[in-house]
Amino acid sequence: MNQVLETIKNRRSVRRYQDEQIKDKELDNILESAIYAPTGHNNQPWHFTIIQDKGLINQINEGAKEVMREMDVEWIAQMGKTENLHIFHRAPTIIMVSARKDALTPLPDCSAAVQNMLLAAESMNIGSCWIGLAKLYFLNEENMKKFNIPEGYEVHFGVSLGYKVRENPNPLPRNKNVFTYFR
């Protein structure tokens, strides 16, 4: 099978990581894959904040959970109250993905960059997980400044990265009744 298709079909969200930090060269390759993602009008509106300090990762986790506890969506509020929940699954590396607020298509642009990172990580047998709730910590302007998120940018996603504790499980069945053809 084609290597790209195989990587796409094998990738899973990883929620258990080894403590060992990923290698700098691996991180560089993952980050480089992000900036090769397509963007609307080649705008490239993104900014990536790489955090490998366990204390800072835990601080973002706790701050996001604090916001989650106050949300009106009951299941998110309950998650925020779960003491042993770590939104980054205790990964040794996280990447916060932000984009310029005035960009033409910031959300799809950042989504494409995240998908590239997830696939690049999988191609190197590195676990990854797309973390949407991570942005909640950065709703506070002071937190944006603390992590040097450029002014005029908004955090959209987080990505957790680390070496897998176990091999990927088999995929869940896919709904293949989602295509309509006009030929």
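Values below: all heavy atoms of this structure, side chains included; hydrogens, waters and symmetry mates excluded. If you're wondering where the values come from, they're calculated on a predicted model, not measured in any experiment.
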**Student:** Rounded to the nearest 0.5 Å, what separates atom NZ in Lys65 from atom NZ in Lys81?
**Tutor:** 12.5 Å
**Student:** Is it the case that atom CZ in Arg69 sees more than 12 heavy atoms from other parts of the structure closer than 6.0 Å?
**Tutor:** yes
**Student:** Going by an N to O cut-off under 4.0 Å, is there a salt bridge joining Glu122 and Lys164?
**Tutor:** yes
**Student:** Going by atom types only, do Gln52 and Thr93 share a side-chain donor-acceptor pair under 3.5 Å?
**Tutor:** yes
**Student:** Once rounded to the nearest 0.5 Å, what's the spacing between atom CD of Glu154 and atom SG of Cys110?
**Tutor:** 9.0 Å
**Student:** Going by distance alone, is a donor N or O of one side chain under 3.5 Å from an acceptor N or O of the other, for Arg11 and Ser128?
**Tutor:** yes
**Student:** Would you say Leu119 and Ile95 are hydrophobically clustered, going by side-chain heavy atoms of ILVMFWY under 4.5 Å?
**Tutor:** no
**Student:** Does atom CG (Asn168) have a neighbourhood of more than 12 heavy atoms from anything else shown, all under 6.0 Å?
**Tutor:** yes
**Student:** Let me check something: do Ile51 and Val159 share a hydrophobic cluster, defined by ILVMFWY side-chain heavy atoms less than 4.5 Å apart, either directly or through other members?
**Tutor:** no
**Student:** Evaluate the side-chain proximity of Ile60 to Phe138: yes if any heavy-atom separation is below 4.5 Å, no if none is.
**Tutor:** yes
**Student:** Spell out, yes or no, whether Tyr36 and Ile8 are grouped together once hydrophobic residues are joined by side-chain heavy atoms under 4.5 Å, including indirect joins.
**Tutor:** no
**Student:** With no hydrogens and no angle check, do the side chains of Asp109 and Thr105 hold a donor and an acceptor under 3.5 Å apart?
**Tutor:** yes
**Student:** In this structure, are over 12 heavy atoms from other groups packed under 6.0 Å from Asn175 atom CG?
**Tutor:** yes
**Student:** Does the side chain of Gln44 pick up a donor-acceptor pair with the side chain of Asn42 at under 3.5 Å?
**Tutor:** yes
**Student:** Would you compute the distance between atom CD of Glu66 and atom CE of Met71 and round it to the nearest 0.5 angstrom?
**Tutor:** 13.5 Å
**Student:** Same cluster for Leu56 and Leu85 if Ile/Leu/Val/Met/Phe/Trp/Tyr side chains link at under 4.5 Å?
**Tutor:** yes
**Student:** Can you confirm whether the side chains of Arg90 and Asn58 place a donor and an acceptor under 3.5 Å from each other?
**Tutor:** no
**Student:** Report, as yes or no, whether the 6.0 Å neighbourhood of atom NZ on Lys54 holds more than 12 heavy atoms from other residues, nucleotides or ligands.
**Tutor:** no
